[in-house]
Amino acid sequence: MRAAVCRKFGPPEVLEIQDVAMPVPKKNEIRIRIIATTVSAGDCRVRSFTPPPMFWLPMKFVLGFGKPRKPILGIEFAGVVDAVGSEASRFRIGDAVFGVSGFAFGTYAEYICLPEKTAIAAKPAGMTYEEAAAVPVGALTALHFLRKGKIARGSNVLVYGASGSVGTYVVQLAKYFGAKVTAVCSAANAEWVRALGADAVIDYEKESVSRSGESYDIVFDTVGKSPYSACIAMLKPKGFYLLAVMETGHVFRGLWTSMTTGKKVISGASSEKIEDLQFLGELIDEGKLVPVIDRRYPLEMIVEAHRYVDTGRKKGNVVITL
């Protein structure tokens, strides 16, 4: 089978299309023929090995020291179940599915084998495979952190990076839960962020968020670029500062803020639960959640896709088709 293989850490050019052995499912696994996957900012950080300094050593153990431990990268996908292990019973051959492989990686390939207990669910019927592949990571991350922030009807939410792969789902899910949403993004993305449900949009290139005088129940930074002190100041007394991208300095400052004030700073890895993915699938079927796709590339153009994501200019998701 064809796969984009990463034999060493580095720039996009380290990725090469190669023929590799077809995986064989174990007893508790299913094999999926991947039709679409994505390139996220997280994939690019793994490829280039650029974690925050304090996580450098732990991530070396996870990802590999001299070269990637898992040379086929990629973590979200949509495709069709192609084979089923003797003890796997959740899916049948021919089922259309979408999901996330997590640290197993492996979605930059035509086939992948995963334990059936992985966060995999039936693909929403009204979605293409490309659209479905663009859902799991961004939407699961948004859902995880909004729940940590005790999102509720009437919550006032500020979203940094509202036009990104996580931010677009934060806007939609926050509105689903009945919140008022203020999106922070560039003027070029303002109209379609409003179309996703944002009540107000702040152009970070022209306006200072902290000067608005508004206070928020949740400030959600999806991209790691928000000013810490200003965000804490904008929070209501028992508000939540949610950090989808963990920065070294925020870890220690966040612990201190959470210990000494009624405000909470929450970061870390998001959960990847089957029931959450199924819940997202239901919202999609009801027309309450839609993916945003910026660009599509065939697998053979994986290097170009990584180059584009590295620019930091992508809107929503970048999809790879197989």
Side-chain angles (χ1 to χ4, degrees), residues 1-7 15-40 42-43 46 62-64 68-140 271-282 284-285 291 296-302 305 317 319-322:
M1 69 170 184
R2 293 179 306 145
V5 179
C6 181
R7 299 294 184 188
L15 294 165
E16 297 180 355
I17 304 299
Q18 297 180 359
D19 288 325
V20 299
M22 174 80 78
V24 178
K26 298 176 182 177
K27 292 181 179 180
N28 67 332
E29 292 182 336
I30 60 173
R31 186 171 66 198
I32 300 156
R33 178 171 61 85
I34 296 176
I35 295 175
T37 181
T38 65
V39 176
S40 68
D43 293 331
V46 170
V62 173
L63 300 177
R69 184 170 286 113
K70 301 280 188 177
I72 301 176
L73 306 182
I75 61 173
E76 59 186 338
F77 62 87
V80 178
V81 176
D82 165 78
V84 177
S86 60
E87 296 179 3
S89 58
R90 282 187 62 215
F91 299 101
R92 297 180 179 180
I93 292 174
D95 285 350
V97 295
F98 72 134
V100 54
S101 64
F103 281 118
F105 298 104
T107 67
Y108 290 177
E110 292 180 312
Y111 293 86
I112 188 173
C113 290
L114 293 168
E116 67 168 356
K117 292 183 178 180
T118 302
I120 304 170
K123 181 183 75 67
M127 270 191 159
T128 67
Y129 287 97
E130 293 178 6
E131 291 169 336
V135 172
V137 173
L140 286 172
S271 60
E272 297 168 352
K273 299 178 180 178
I274 294 171
E275 56 267 31
D276 287 345
L277 194 59
Q278 292 171 331
F279 168 69
L280 293 170
E282 292 169 4
I284 291 166
D285 283 333
R296 296 169 170 84
Y297 295 86
L299 181 65
E300 289 75 16
M301 294 182 68
I302 191 77
N317 299 270
V319 171
I320 302 295
T321 56
L322 291 92

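- The shortest side-chain heavy-atom distance between Pro291 and Met127 falls under the 4.5 Å cut-off.
- In terms of heavy-atom proximity, Val24 sits nearest to Cys113 at C-SG, 3.6 Å.
- Taking every heavy atom of both residues into account, Ile72 and Ala109 meet most closely at CG2-CB, 4.1 Å.
- Remark: Asp285 CG to Leu280 CG distance equals 11.0 Å, nearest 0.5 Å.
- Every pair passing side chain to side chain donor-acceptor pair (under 3.5 Å) that includes a residue from residues 79-96 is listed here, sequence neighbours excluded: Arg31-Asp82.
- Separation of atoms CZ (Arg296) and OG1 (Thr321) is listed at 9.0 Å; rounding is to 0.5 Å.
- Residue Ala88 comes nearest to Ile30 through the heavy atom pair CB-CG2, 4.2 Å, listed as atom of the first residue, atom of the second, then distance.
- Side chain of Thr38 to backbone of Ser40: no donor-acceptor contact under 3.5 angstrom is found.
- Across every non-hydrogen atom of Gly85 and Pro25, the tightest pair is N-CB, 4.5 Å.
- Cation-pi geometry between Lys123 and Tyr129 is satisfied (NZ or CZ under 6.0 Å from the ring centre, within 45° of the ring normal).
- Looking at Thr128, its side chain does come within 3.5 Å of a backbone N or O of Glu131 through a donor-acceptor pair.
- Atom CE in Met22 sits 4.5 Å away from atom OH in Tyr111 (nearest 0.5 Å).
- Judged by distance alone, with hydrogens and angles left aside, the side-chain atoms of Glu76 form a donor-acceptor pair with the main-chain N or O of Val137 at under 3.5 Å.
- Here the shortest heavy-atom pairing between Leu299 and Ile17 reads O-CD1, 3.4 Å.
- Looking only at side-chain heavy atoms (C-beta outward), Ile284 and Val135 come within less than 4.5 Å of each other.
- The shortest heavy-atom contact between Ala119 and Ile274 is CA-CG1, 3.9 Å.
- Between Leu140 atom CG and Leu277 atom CG the span is 5.5 Å, to the nearest 0.5 Å.
- Separating the OG1 atom in Thr37 from the CD1 atom in Ile35 is a distance of 12.0 Å, to the nearest 0.5 Å.
- Using a 4.5 Å cut-off on side-chain heavy atoms (C-beta onward), Tyr108 and Val39 make contact.
- For the pair Val97/Ile120, a side-chain contact is recorded, criterion being any heavy-atom separation below 4.5 Å from C-beta on.
- For the atom pair Met301 CE and Ile320 CD1, the distance stands at 9.0 Å (nearest 0.5 Å).
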